[in-house]
Visitor: 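Here's a structure for you.
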2 protein chains.
Amino acid sequence: MESLDEIDRAILELLQADGRLSGAEVGRRVGLSQPAAAARIQRLEKSGVILGYRAVVDPAAVGLNIHAVVRLRTTHAQLAKALALAERIPDVVSTVRVTGEDCLLFDVHCTHAERLEQVVDSLARFGPVTTSLVLRSYPPKPLPTP
Amino acid sequence: MESLDEIDRAILELLQADGRLSGAEVGRRVGLSQPAAAARIQRLEKSGVILGYRAVVDPAAVGLNIHAVVRLRTTHAQLAKALALAERIPDVVSTVRVTGEDCLLFDVHCTHAERLEQVVDSLARFGPVTTSLVLRSYPPKPLPTP
DNA sequence: CTTGAAAATAGACACCA
DNA sequence: TGGTGTCTATTTTCAAG
């Protein structure tokens with residue numbers, strides 16, 4: 001884990017807001033020359049602080065009208081199988097293992113309710129599921145850099 | 001909502017995996033020329049299918065060792081206040097409103113447990129909270145483009 | 001880290017298939 | 001709509017201070 005100074009934090013915040021900023025633009029905004037900014041960005045990438053860059057796609061704009069959070073309460077023995085299944089279902093875009101009664105938490109994006117039903121049913125093979133429809137997502141913030 | 005063909009879907013998948021690909025590189029991979037690929041990408045951006053580009057930062061690499069999912073069960077009357085509070089807490093990086101008993105779901109990143117305690121306590125002003133520590137996150141997938 | 005120049009690349013545009 | 005060729009603007013890389 002690298003130690004970051006004030007400028008590194010500013011750079012991370014800028015790139016989390018807009019991942020396509022050039023080194024020159026980043027430098028301008030944090031008060032560094034282009035080579036200095038580029039060197040810092042490269043260091044952040046190589047040291048694993050910046051894992052990569054992603055385009056953010058609007059689910060609704062591609063017909064994914066239903067976003068649900070599915071919680072699964074399963075047994076230790078079936079955990080690996082549940083993970084493997086989730087991996088195979090394209091609608092399940094994100095999986096986290098958590099503490100508590102529900103051991104797995106899935107983000108599911110579907111075009112229609114019947115499809116969500118299929119996904120939930122297949123996950124329910126491994127234990128009781130709780131499904132919550134997402135009514136609204138609030139714009140995510142950049143990570144707080146301590 | 002635009003209708004997307006096979007090539008648009010391929011472009012979205014590529015850019016979700018690597019948001020810094022150039023128009024020429026995208027074109028190469030989907031079998032289009034640079035101008036044709038650039039035109040499609042621009043169309044996807046302007047039509048709102050691509051919302052933007054983000055750098056992905058590793059929370060652990062910046063000292064955010066604790067990732068928790070906090071569920072809050074609050075009343076309709078206090079919902080707005082809870083949202084306003086969550087907005088003000090930097091550790092709360094993502095908020096969704098969902099159906100079900102717990103109306104709000106937060107992603108919280110903290111440097112240490114005591115800080116998480118503070119965050120949970122302040123959210124608990126608005127109702128009972130359930131906190132789950134994230135033990136492991138599995139790499140998110142690109143959205144399925146139907 | 002800065003400045004300054006060079007090399008590489010990406011983006012934009014006109015024109016044609 | 002897409003392909004080719006070209007031109008310009010930007011970016012990145014590398015020198016040297």
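So you know, we letter chains A, B, ... as the sequences are listed, proteins then strands, and number each from 1. The structure presented is a predicted model; accordingly, all values stated were derived computationally and were not measured.
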Visitor: Would you give the length of the straight line joining atom OG1 of A:Thr74 to atom CZ of A:Phe126, rounded to the nearest 0.5 angstrom?
Guide: 7.0 Å

Visitor: Return the angle between end axes of the helix from C:dC1-D:dG17 to C:dA17-D:dT1, with five pairs used per end and rounding to 10°.
Guide: 30°

Visitor: State whether A:Arg40 places a side-chain N or O below 4.0 Å from either non-bridging phosphate oxygen (OP1 or OP2) of C:dC1.
Guide: yes

Visitor: Got more than 12 heavy atoms from elsewhere within 6.0 Å of CZ, B:Arg43?
Guide: yes

Visitor: Find the distance B:Tyr53:OH to C:dA10:C1' and express it as a whole number of Å.
Guide: 14 Å

Visitor: Provide the full list of side chain to side chain donor-acceptor pair (under 3.5 Å) pairs with a residue in residues 9-19 of chain B, sequence neighbours left out, each pair given once.
Guide: B:Glu6-B:Arg9

Visitor: How close do B:Ser122 and B:Leu85 get, counting heavy atoms only, and between which atoms?
Guide: O-CD2, 3.3 Å

Visitor: Taking everything shown except A:Arg20 itself, do over 12 heavy atoms lie less than 6.0 Å from its CZ?
Guide: yes

Visitor: Should the heavy atoms of other residues, nucleotides or ligands under 6.0 Å from CD of B:Glu25 be counted, would the total exceed 12?
Guide: yes

Visitor: Are A:His67 and A:Asp107 linked by a side-chain donor-acceptor pair shorter than 3.5 Å?
Guide: yes

Visitor: Short of 4.0 Å, heavy atom to strand atom, which residues of residues 20-39 of chain A count as contacting DNA chain D?
Guide: A:Ser22, A:Gly23, A:Gln34, A:Pro35

Visitor: Tell me the interatomic distance from B:Leu44, atom CG, to D:dT1, atom P, rounded to whole angstroms.
Guide: 12 Å

Visitor: Would you kindly give the CZ-to-P distance between A:Arg43 and D:dT12, to the nearest whole Å?
Guide: 17 Å

Visitor: Rounded to the nearest 0.5 Å, how far apart are CG of B:Leu64 and SG of B:Cys110?
Guide: 8.0 Å

Visitor: Starting from C1' on C:dA10, measure out to CG on B:Leu15 and report it in whole angstrom.
Guide: 15 Å

